[in-house]
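Convention: sequence-line order gives letters A, B, ...; per-chain numbering from 1.
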Protein chains: 2
Amino acid sequence: MRRGEETRSRILEVAEAAVLAKGFGGTSIDELIAETGITKSGFFYHFRDKNELAKALLQRYIENDERIYDDIFGRARELMDDPLQAFLLGLKLLSELLSDLPNGHPGCLVAAFCYYERLFDHEIQMINRDAALAWRRRFSLMFEEIMAIYAPRLPLDADQLADMLSSVLEGGIVLSKALREPNSLANQILIFRSFVKLLFSSD
Amino acid sequence: MRRGEETRSRILEVAEAAVLAKGFGGTSIDELIAETGITKSGFFYHFRDKNELAKALLQRYIENDERIYDDIFGRARELMDDPLQAFLLGLKLLSELLSDLPNGHPGCLVAAFCYYERLFDHEIQMINRDAALAWRRRFSLMFEEIMAIYAPRLPLDADQLADMLSSVLEGGIVLSKALREPNSLANQILIFRSFVKLLFSSD
DNA sequence: TGCCTCCTGCACTGACAGTACAGTATTGCC
DNA sequence: GGCAATACTGTACTGTCAGTGCAGGAGGCA
C-alpha cells in the first residue's frame, strides 16, 4: 500500500525528467525501469500502458504547477493590500524562483505534450486544455481585481492579459531552452511585469 | 538530379507535418515512406539516418520562416516611412496571415526540437540556437530603428523587446495548441502590438 | 557504351512497446 | 497463525521500428 505509492512516484519522478529532456516519444520504458531499479512487469503493474504513464505524469505536473502558483501569488496577496502591488510582487517572486534554478526551467509538460498530441488519447488532450484554461482563470481573476481599482491604458480584457502571461511563460521556456540562456525566462517575466506596471500607471 | 531533389523535398514535406503533429520521436520512417510512396532504401539514400532528416527538416523550416518574415516586414517597411508604423503594420499583417490559417499555426519546429534536445547531436542544437538568435537580431534591428526616433516609456533595450516578441510568438503557438483555440496566437500578436504602441506613445 | 544518379528488393540486427502468465515476498487484517 | 491482497519478479513471446548491407536495375547524358 505505502510501498506501492512510493515506487509509483519514483517512476513518475524519473519519467518526468526524461520526458522533459527527450520528449515522450524519445523516452523508453526500458530506460525508466533501469533507472528506477524495477522490472518491466513491475512497471506495467503500476501503469497499463505508456499512455497511462503520460496521464499520471501530466496530472502530477499540473498539480505541482498549481501548488507553486498558489504559494507565490497567495503569499504576495497576503503581503500587499493592493491587488496590483500583490500581482507585481508575485511576478517578482516568480522570476526570482526561476533565477534560482541552476539549469533554468526544466520545461513544461503541457507544452511538451502539445507537440505529441496525435499520439495521445482524447482524455490527455482535455487535461492539457483544462490546465491552460486554469492558468487563464487564475491570472484573469487577478487582473479583474486590479481592473476594479485601476483603469488600464489599453482596452484589454482580463482574459487577454491572462493569456499573454501564459504565452510569455511558455514562450520564455522555449526561448531559454533554444538560446541556452537559462535566465532568459526570468528576464521575460520582469519585462512583462514592467508592461503591467505601465498599463495600470495613472501618470 | 532533378528527380532526386523532388523526392527529397516530398519526404521533407510529409515529415514536417508528421513531426509537428506527433513529435519527432513519435514519427516513424516506415510511416514516412508509406506516405511518400518510396522504399526504405530510397529513404536512406537521401538521409543517412533520422538525425540527418531532423537537420534537413529544421534547416528547411528556418529558411521558410525567415522568408515569411522578410516578406511581411519588408513589405510593411516599404509601405511606411516611419519605422514604428512599419513595425506595427508588420505585426498586423502577421496576425492576419495567421488568422487565415484554417487550423491555426501548425507548430514551430524549433520549439518541438527543444523538447527533444538530448537525443539530437550538438549540430542540431546549434542550428536551433542560431534560429532563435536570428529572431532576436531581426526584431532587435527594428526596435533599434524605432528607438532612434521614439523614446520608450520603459527602460528596455532592443534585445529584450525582440526576445519578448519571440516569446509571445512561441508561447502563443503552444497556448493556441493547448487551448484548441487557433485564433489565440493572432490575438496575442495584436495585444503585443498595442503594448508596443503604448510603449512608444508620446501622450 | 559506360558511368552516374536514383532508386528497388531482400535479408538481416537490435531496441523497444507491449502481452501473458506463473510464481513470490511482504504486509495488514481477522 | 492463516488468508488474502498488494507489490512485485522472471520468463518467454509478438510486432514495430531504426538502421545496415549489398546486389541490382531504370533512366539520363557524355
Side-chain angles (χ1 to χ4, degrees), chain A residues 1-58 60 112-113 115-121 123-124, chain B residues 1-58 60 112-113 115-121 123-124:
Chain A
M1 226 162 192
R2 176 58 46 75
R3 202 164 96 248
E5 278 304 303
E6 197 209 300
T7 304
R8 194 184 141 96
S9 72
R10 226 170 59 239
I11 297 171
L12 288 172
E13 210 157 313
V14 169
E16 185 175 305
V19 169
L20 288 175
K22 298 176 290 191
F24 190 75
T27 300
S28 74
I29 293 174
D30 282 11
E31 164 199 347
L32 298 178
I33 65 177
E35 206 170 329
T36 325
I38 55 165
T39 60
K40 204 170 212 180
S41 318
F43 176 88
F44 284 106
Y45 172 76
H46 288 288
F47 306 99
R48 200 184 324 116
D49 52 27
K50 228 187 162 189
N51 193 85
E52 215 177 68
L53 171 70
K55 209 171 80 187
L57 222 44
L58 188 55
R60 194 184 100 116
F113 281 18
Y115 283 99
Y116 201 77
E117 52 177 6
R118 293 245 183 285
L119 294 185
F120 286 135
D121 61 21
E123 196 183 353
I124 288 195
Chain B
M1 225 162 189
R2 176 59 46 74
R3 202 164 97 249
E5 278 305 303
E6 196 209 299
T7 304
R8 193 185 143 97
S9 73
R10 227 170 60 239
I11 297 171
L12 288 172
E13 209 158 313
V14 168
E16 185 176 305
V19 168
L20 288 175
K22 298 176 289 191
F24 191 76
T27 301
S28 75
I29 292 175
D30 282 10
E31 164 199 348
L32 298 179
I33 64 177
E35 206 169 330
T36 325
I38 56 164
T39 61
K40 205 170 213 181
S41 318
F43 176 88
F44 284 106
Y45 170 77
H46 289 288
F47 305 99
R48 200 186 323 120
D49 51 27
K50 226 187 163 189
N51 193 84
E52 215 177 71
L53 171 70
K55 210 172 77 187
L57 223 43
L58 188 56
R60 195 184 97 118
F113 281 18
Y115 282 100
Y116 201 76
E117 52 179 6
R118 293 244 181 284
L119 295 185
F120 286 133
D121 61 21
E123 197 183 352
I124 287 195

[X] [atom1] - [N] [atom2] separation (whole Å):
X     : N      : atom1 : atom2 : value
A/Y45 : C/dC21 : OH    : C1'   : 16 Å
B/F24 : D/dC17 : CZ    : C1'   : 13 Å
A/I29 : D/dT16 : CD1   : C1'   : 14 Å
A/K40 : D/dC8  : NZ    : P     : 18 Å
B/F47 : D/dT20 : CZ    : C1'   : 18 Å
A/E5  : D/dA7  : CD    : C1'   : 12 Å
B/R48 : D/dG21 : CZ    : C1'   : 16 Å
B/L53 : D/dC17 : CG    : P     : 15 Å

Practice item. Look at the rings of A/F120 and A/F113 and say which category their plane angle falls in: under 30° parallel, 30 to 60° tilted, over 60° perpendicular. Key: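 The arrangement is tilted - the two ring planes meet at 30° to 60°.
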_Taking the minimum atom-to-atom distance to the side chain of B/F44, which one of D/dT20, D/dG10, C/dA17 wins?_
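When the side chain of B/F44 is considered, D/dT20 is the closest of D/dT20, D/dG10, C/dA17.
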Taking the side chain of A/S28 as heavy atoms from C-beta outward, which of D/dG19, C/dT8, C/dA17 is closest to it?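 From the listed options, C/dA17 comes nearest.
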Suppose we call a contact any N or O donor and acceptor under 3.5 Å apart; does that hold for the side chain of B/K50 and the base of D/dG19?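 Such a pair does not exist between side chain and base.
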### Query
Taking OP1 and OP2 of D/dC8, is either one under 4.0 Å from a side-chain nitrogen or oxygen of A/H46?
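Result: yes.
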Q) Are the ring centres of B/Y115 and A/Y115 closer than 6.0 Å? A)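 No - the distance between ring centres of B/Y115 and A/Y115 does not fall below the 6.0 Å cut-off.
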Self-check item: Heavy-atom neighbours of A/E31 CD exceed 12 at 6.0 Å
Solution: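 More than 12 within 6.0 Å, yes.
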When you compare the side chain of A/I38 with that of A/I11, does any pair of heavy atoms fall below 4.5 Å?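 Of all side-chain heavy-atom pairs linking A/I38 with A/I11, at least one is under 4.5 Å.
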* Report which part of the nucleic acid A/S41 touches: base, sugar-phosphate, or nothing (heavy-atom distance under 4.0 Å, all strands). =>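 Base: the residue A/S41, judged by heavy atoms under 4.0 Å, touches a nucleobase.
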